[in-house]
Amino acid sequence: MTAPATTTVPPALRPAPTTPAPARRRGRFGVHLFLSAVSFAFLAPLLLAVYASLRPYEETAKYGYFSLPRQLSFDYYQQAFADSGMSKYFLNSLLIAVPGVLLTLFLASFVAFAVSRVRIRGGIVLLMLFTAGNLLPQQVIVTPLYVLFNKIPLPYWMSDSLTMYDSLWAVISVQTAFQLGFCVFVLANFMRTLPREILEAAIVDGAGLWTQYWRVTLPLCRPALAALGTLQFTWMYNDFLWGLVFLSDGDKLPVTSALNNLRGQFFTDYNLLAAGSVIVALPTIVVFLLLQRHFIAGLTLGASKG
Amino acid sequence: MPNTRARRAGRPGPRRHTRRDLVVLGALLGIPILLDLALIWGPTLASVGLSFTTWDGIGDIQWAGLKNYDNLFTNYPQFWPAVRHNLLWLVFLGLLAAPFGLLLAVLIDRGVRFSRFYQSTLYMPVVLSLAVVGFIAQLILSRDQGAVNAVIGGRNPTDWLGNPGLNIWMVLLAACWRHTGYVMILYLAGLKSVDPGLKEAAALDGASERQAFFRVVLPTLRPVNVIVGVITVIESLRAFDIVYAINKGRNGLELLSVLVTDNIIGEASRIGFGSAIAVVLLLVSLGFIVTYLVQELRGEQQR
């Protein structure tokens with residue numbers, strides 16, 4: 001969108017510019033200067049992390065962070081992967097986030113459907129229950145959940161700790177329950193904007209409730225589901241607290257929490273820590289760059305109502 | 001819309017669900033409700049209950065009345081600093097990050113060239129986990145190896161993250177780094193939906209650009225302002241990852257959320273006491289949540 005909004009007005013109707021053209025151009029230049037300065041300031045920490053991660057520690061220690069590189073390599077990445085078993089933690093993160101997202105979207109979309117399209121009693125109350133639940137600070141529920149998960153037994157094939165505590169199930173179920181609120185809220189608002197007639201036609205054709213939901217409503221929600229899926233994946237992947245509290249076995253940690261636990265060995269070598277941070281950040285940045293449109297749509301779907 | 005209502009009323013009787021429909025409805029509505037009650041609202045209530053007990057998580061649960069709260073307010077040195085930090089978080093995000101996000105959104109919305117690039121760059125930090133933000137902050141601000149000290153030089157390097165009078169500000173800057181982009185995106189979406197005719201009418205009436213913004217555009221952004229307010233409050237109350245990643249929330253970085261976590265997963269598991277802190281957090285946030293929901297509900301009825 002490079003064209004200013006005023007081009008939609010026929011030239012004859014356009015108000016005479018209040019400021020002379022040169023001043024306006026200078027204003028533009030100022031805006032660019034400001035925006036690029038801010039953009040650079042926002043990117044700088046990331047760029048620095050990437051740069052540091054590519055250089056041996058001795059070099060930055062000797063010549064400083066902003067010296068020209070004498071030697072660049074991916075050694076630290078290899079080290080972070082090999083020594084700390086990052087791949088294992090990545091797998092954990094995926095094992096939590098993928099089922100978590102799918103489950104959340106499925107359950108939330110049905111609740112949203114019931115609340116917004118089937119006239120059930122107490123629909124608003126339900127909506128409020130879920131939405132408010134998502135706004136609670138996590139620490140409010142963490143203690144009882146910790147106790148609860150320690151009490152719920154699971155068979156050995158599901159959890160080698162024999163309880164829900166210290167198993168990925170705990171993290172997946174909390175993530176799902178917690179994120180349900182946001183998804184229900186967004187999807188219910190989205191479904192309200194769908195034309196009612198389509199559903200009514202289906203009902204006249206004798207479609208049952210499941211068909212109305214799965215075959216008629218859900219396909220229309222594809223853009224909202226894509227947006228939410230992207231957003232939820234990032235949130236679940238980025239989660240730090242649940243993994244920290246509900247998993248005690250270091251091997252089960254998701255990658256963000258694992259990075260924290262591994263910091264001890266990184267302490268002396270900040271360039272290695274930089275490599276670790278870049279590795280952890282990379283998936284979400286890639287997802288963001290590829291699916292930017294969906295990503296932003298997801299946030300604003302939740303914000304601009306109806 | 002009286003028209004559709006009349007047609008709906010004309011349909012034979014209320015909609016009846018078949019047996020199969022009821023089973024589907026019961027199961028697919030029941031599971032999420034159960035999940036929500038068991039894992040969110042149940043524990044919330046349990047937290048309230050446990051806060052009146054002294055429990056270490058193993059032995060018997062003993063009723064303690066208001067003892068935990070009394071201890072918390074008068075006898076727990078970390079409590080008030082944590083409250084202060086949470087408030088600071090709120091003020092900082094609300095008065096610095098949010099208006100800055102709005103400013104950026106307005107500038108980008110004016111349709112400058114490369115706006116896509118600016119938008120993506122400014123938004124990038126939002127996709128990072130706060131934990132990663134914490135690590136990057138260390139990279140830049142650590143005393144002996146940080147980039148900032150490397151630039152400043154000098155014989156006595158500043159301990160940006162270790163000095164308890166200084167570190168909270170550094171962490172707040174890092175938190176703003178992330179919050180600004182979030183707010184910007186919300187306002188950008190809001191600005192896109194502002195009717196351009198409004199702005200033109202204001203310009204025709206001789207309003208300056210600034211007047212048009214404050215008198216015409218900003219009032220139409222009210223719903224976005226509400227959302228930004230809610231998000232800012234919630235984020236300030238939830239703040240945790242970033243300080244925990246830096247130094248486990250000690251030595252000047254205390255937050256209510258950290259105190260709760262410390263009391264349950266620390267060496268001494270003081271579940272009753274930790275719950276009392278959680279309840280304080282709950283009460284503060286519930287105030288905002290209820291306000292927000294009332295607002296939503298009103299919008300719902302107007303629809």
Side-chain angles (χ1 to χ4, degrees), chain A residues 1-5 9 15 31-32 35 39 42-43 45 48-49 64-65 107 110-111 114 124 128-130 132-133 135-141 143-147 173-174 177 180 208-210 234 238 240-241 245 256 260 270 273-274 277 280-281 284-285 288 292 296 299-300 303-305, chain B residues 17-18 20-21 24-25 28-29 31-32 35-36 39-41 43-44 46-47 107 111-113 118 120-122 125 127-129 131-132 135-136 139-140 145 147 150 185-186 189-190 196 200 203-204 223 227 234 237-238 240-241 245 257 260 264-265 271 274-275 278 281-282 285 289 293 299:
Chain A
M1 281 261 294
T2 47
V9 181
V31 167
H32 272 294
L35 283 178
S39 294
F42 269 54
L43 270 185
L48 185 77
Y65 273 102
L107 293 176
F110 191 84
V111 177
I124 296 262
M128 296 291 147
L129 191 78
F130 280 104
L135 297 175
L136 293 173
Q138 284 97 317
Q139 267 79 9
V140 171
I141 57 174
T143 314
L145 280 180
Y146 179 82
V147 177
S173 50
V174 166
L180 265 176
L209 207 59
W210 176 255
T234 318
N238 278 345
F240 182 71
L241 178 71
V245 179
T256 37
N260 190 51
Y270 271 61
L273 177 61
S277 300
V280 173
T284 51
I285 291 184
F288 170 63
Q292 205 178 124
I296 290 168
L299 278 179
T300 50
S304 57
K305 302 172 280 174
Chain B
H17 295 301
T18 64
R20 198 181 112 95
D21 284 351
V24 170
L25 199 62
L28 284 179
L29 213 48
I31 295 170
L35 212 56
D36 202 49
L39 298 185
I40 309 288
W41 291 108
T44 306
S47 263
L107 289 181
V112 292
R113 221 188 262 205
Y118 293 136
S120 311
T121 316
L122 296 174
V127 304
L128 302 180
S129 85
V132 169
F135 294 120
I136 293 183
L139 195 65
I140 293 168
Q145 303 185 16
I185 286 295
L186 295 177
E200 275 158 29
L204 277 176
I227 301 281
I234 299 287
L237 291 172
R238 276 186 186 170
F240 173 79
D241 309 15
S257 55
V260 178
I264 55 159
I265 59 173
I271 288 188
S275 300
L281 206 53
L282 172 71
S285 42
I289 294 174
L293 287 184

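Residue numbers begin at 1 in each chain, while the letters A, B, ... track the order of the sequences.
Using a 4.5 Å cut-off between heavy atoms, B/F240 contacts chain A through its side chain alone, with no backbone atom that close. B/I234 touches chain A through its side chain: at least one heavy atom from C-beta onward sits under 4.5 Å away, while N, CA, C and O do not. Both the backbone and the side chain of B/L28 come within less than 4.5 Å of a heavy atom in chain A. Interface residue B/S285: only side-chain heavy atoms are found under 4.5 Å from chain A.
The side-chain heavy atoms of A/S277 and B/L139, taken from C-beta on, include no pair separated by under 4.5 Å. Between A/F240 and B/S129, the closest side-chain pair of non-hydrogen atoms is not below 4.5 Å.
Contact detail for A/A177 and B/D36: the closest heavy-atom pair is O-OD1, 3.8 Å. Taking both residues in full, the closest heavy atoms of B/L25 and A/A114 are given as CD1-CB, 4.2 Å, listed atom of the first, atom of the second, then distance. In this structure, B/A278 and A/V140 approach most closely via the heavy-atom pair O-CG2, 3.6 Å. What you find for B/I136 and A/P45 is that their closest heavy atoms are CG2-CB, 3.8 Å.
Ranked by heavy-atom pairs under 4.5 Å with chain B, the first of A/L48, A/V174, A/V147 is A/V147. Ranked by heavy-atom pairs under 4.5 Å with chain A, the first of B/L122, B/V132, B/L282, B/V260 is B/L122. Here B/L39 is the residue among B/V24, B/L39, B/L35 with the most heavy-atom pairs under 4.5 Å with chain A.
Judged by distance alone, the side chain of B/W41 and the main-chain N or O of A/L129 form a donor-acceptor pair under 3.5 Å. No donor-acceptor pair closer than 3.5 Å links the side chain of A/T143 to the backbone N or O of B/I271. Remark: side-chain polar atoms of B/R238 are paired, donor with acceptor, to backbone N or O of A/L136 under 3.5 angstrom. Under the 3.5 Å distance criterion, the side-chain polar atoms of A/T234 are left unmatched by any main-chain donor or acceptor of B/V127.
Judged as a side chain to side chain contact (heavy atoms under 4.5 Å, CB included), and not counting sequence neighbours, the contacts of B/P32 are A/L107, A/V111, A/F130, A/L180. Partners of B/T121 according to the side chain to side chain contact (heavy atoms under 4.5 Å, CB included) rule, which considers only residues two or more places apart in sequence or in another chain, are A/S39, A/L43, B/F117.
Residue A/L135 holds its CG atom at 7.0 Å from CG of B/L293, rounded to the nearest 0.5 Å. The distance from the CD atom of A/Q138 to the CG atom of B/L237 is 11.0 Å, given to the nearest 0.5 Å.
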